[in-house]
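Questions regarding the structure given below will be posed in turn.
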Number of protein chains: 2
Amino acid sequence: MSSANQVKKTGNIRAKSKVKILTAARTEFVLQGYRGATVQSIADRAELPKANILYYFKNKENIYHAVLEHTLQMWDEGIGDIEANEGPKVAIEKFIAAKVRMSFKHPEASKIYAMEIIQGAQHLKDYARTYQRQWVREKAKLFQQWIDSGEMVNVDPVHLIFLIWSATQHYADFETQILTIMNRADFEEDDVEQVIAFLCDIILRGCGLI
Amino acid sequence: MSSANQVKKTGNIRAKSKVKILTAARTEFVLQGYRGATVQSIADRAELPKANILYYFKNKENIYHAVLEHTLQMWDEGIGDIEANEGPKVAIEKFIAAKVRMSFKHPEASKIYAMEIIQGAQHLKDYARTYQRQWVREKAKLFQQWIDSGEMVNVDPVHLIFLIWSATQHYADFETQILTIMNRADFEEDDVEQVIAFLCDIILRGCGLI
DNA sequence: TAACCACCTGACCGGCTGGTTAATAATAAA
DNA sequence: TTTATTATTAACCAGCCGGTCAGGTGGTTA
């Protein structure tokens, strides 16, 4: 008991501090990029002394890795899933909805991920090379089966996945541009469902599913 | 004559050096971000002494602004145009083709633009607020007319523009991810036309134009 | 020849960077 | 209480940052 208790109590302080730091770091990395975000700026945002930051994370790269790990977790969850037995229409609908909801809920995660990829994905090459590639191949095969059985129009499954990824993530990554063009200060709850409806409508029809 | 000659000759050196510097800077800014790209790293890539860089551009921000200006010019050219008298099918086809070609031809421009927007578009707020917003409104009105006259299905024109923007730019910005997933080293010429064909196919059908 | 001027660059500078240390405070365990 | 562990932070450091400057070079004009 004492051992478990100790771990829990000490772990609490660690955990809380780490969350505080990572939240601040995430924002700084999005706003300033990896190099532009300084340990001092992260400390200021977290309202902690700089040395305290480096007590919990050995160095700046360490902080970034932790942020990135959380980001990939979001991406995985948000990637939705495409199940074979649902048929193409429901599968694509669910997939789009999951990705759009994730974009509106965790725009910062999407932005950090996007910046990583744009800059050459040096911190997560293996992730795409192994996990993502396999995921795409698997799901593409599923789409191909639906195409072969005449359940949907003949479109390249891999590019279809790219299309859905790009269209959904756009609302997170290009938030600023979209809001400016729509002359709005923030997104509202209605927007999420409206975007889902729009994307499902046009993409499903594009796949010959409406 | 002598005056014009002098201006031309001296201008030549200036122009060549500036191009050399801006090309190197563009690459550095993409790879490292604004803060991560140092004047020294730009100098190294341009194979010039650092002081020479700062002879042609007063400071680092100046270089970035020059790069950004070039980027916006690319964006403007690549934005294609949507003409009223062509009808929706041809208009959208041309629009998609122009944007895809631009993405494959100038991925760095697209990437810099994307990073600017993701980080809050602090250097080009007015651009989106005035120029882009007006462009979108104008083109949206056009789409609406086609919808009203029954020439295309009722889809939100503004979101349609966002969809086309995101889907086309994706091939520039997420180049790394796409190549990794497709298990390829580089894009080839065929890819451009294939992507255009795919996007036109699915989006035109999505708009009820096929 | 002499004066001029665009071009070039090594050497330098203050300030900020990521990171260390050592001393102290708080907390938990005995 | 005593002891051990964990948490905190001011002070410090070497190195790199953007940026300046003084002193060149070589070609053109008068």
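Numbers restart at 1 for each chain; the letters A, B, ... are given by sequence-line order, proteins then strands. Source: prediction; values computed, not measured.
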Can you check the A/Ile13 CD1 to C/dA25 C1' distance for me, whole Å?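 Taking atom C1' of C/dA25 as the reference, CD1 of A/Ile13 is at 12 Å.
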Please report the distance, rounded to the nearest Å, between NZ in A/Lys18 and C1' in D/dA7.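 Result: 14 Å.
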Remember a base hit wins even if backbone is also touched, and classify B/Tyr56 as base, sugar-phosphate or nothing at under 4.0 Å, heavy atoms.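 Sugar-phosphate contact only.
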My understanding is that only residues two or more places apart in sequence, or in another chain, count here; which of them pass side chain to side chain donor-acceptor pair (under 3.5 Å) with A/Glu86?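 So A/Glu86 forms a side chain to side chain donor-acceptor pair (under 3.5 Å) with A/Lys94.
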Please confirm whether A/Tyr171 and A/Trp165 have ring centers closer than 6.0 angstrom.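 Ring centres of A/Trp165 and A/Tyr171 not closer than 6.0 Å.
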Distance in angstrom units between A/Tyr55 OH and D/dA7 P, rounded: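 Distance, rounded to whole Å: 4 Å.
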When the distance from CD of B/Glu47 to P of C/dT9 is rounded to whole Å, what number comes out?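 Result: 12 Å.
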Nearest-Å distance for atom pair CD/P, residues B/Gln32 and D/dC16: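 In whole Å, D/dC16 P and B/Gln32 CD are 16 Å from each other.
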Does B/Thr71 use its side chain to pair, donor to acceptor, with the backbone of B/Val67 at less than 3.5 Å?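 Here the side-chain-to-backbone pair exists.
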Heavy atoms under 4.0 Å is the rule here; annotate nucleotides 15-22 of chain C 5' to 3' with B where the base is hit, S where only the sugar-phosphate is, and - elsewhere. --SBBB--
How many Å lie between CZ on B/Arg14 and P on C/dC5, as a whole number?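 In whole Å, C/dC5 P lies 15 Å from B/Arg14 CZ.
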Tell me if a side-chain donor or acceptor on A/Ser17 pairs with a main-chain N or O of A/Arg14 at a distance below 3.5 Å.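 Not confirmed, A/Ser17 side chain does not pair with A/Arg14 backbone.
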What is the distance, rounded to the nearest whole Å, between atom CG of B/Asn52 and atom P of C/dA11?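 Those two atoms, CG and P, are 16 Å apart.
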For A/Tyr113, run the side chain to side chain contact (heavy atoms under 4.5 Å, CB included) check against A/Asp173, A/Leu72, A/Leu68 and tell me which one passes.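 That would be A/Leu72; it is the only one of A/Asp173, A/Leu72, A/Leu68 passing the side chain to side chain contact (heavy atoms under 4.5 Å, CB included) with A/Tyr113.
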Expressed as a whole number of angstroms, how long is the span from B/Ile53:CD1 to D/dC17:C1'?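 For the pair B/Ile53 CD1 and D/dC17 C1', the rounded distance is 15 Å.
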For B/Val155 and A/Arg205, run side-chain contact (heavy atoms from CB on, under 4.5 Å): C-alpha distance rounded to whole Å, both residues' side-chain angles, the deciding distance at 0.1 Å, then the answer. CA-CA 11 Å; B/Val155 290; A/Arg205 194 178 305 107; 4.2 Å; yes
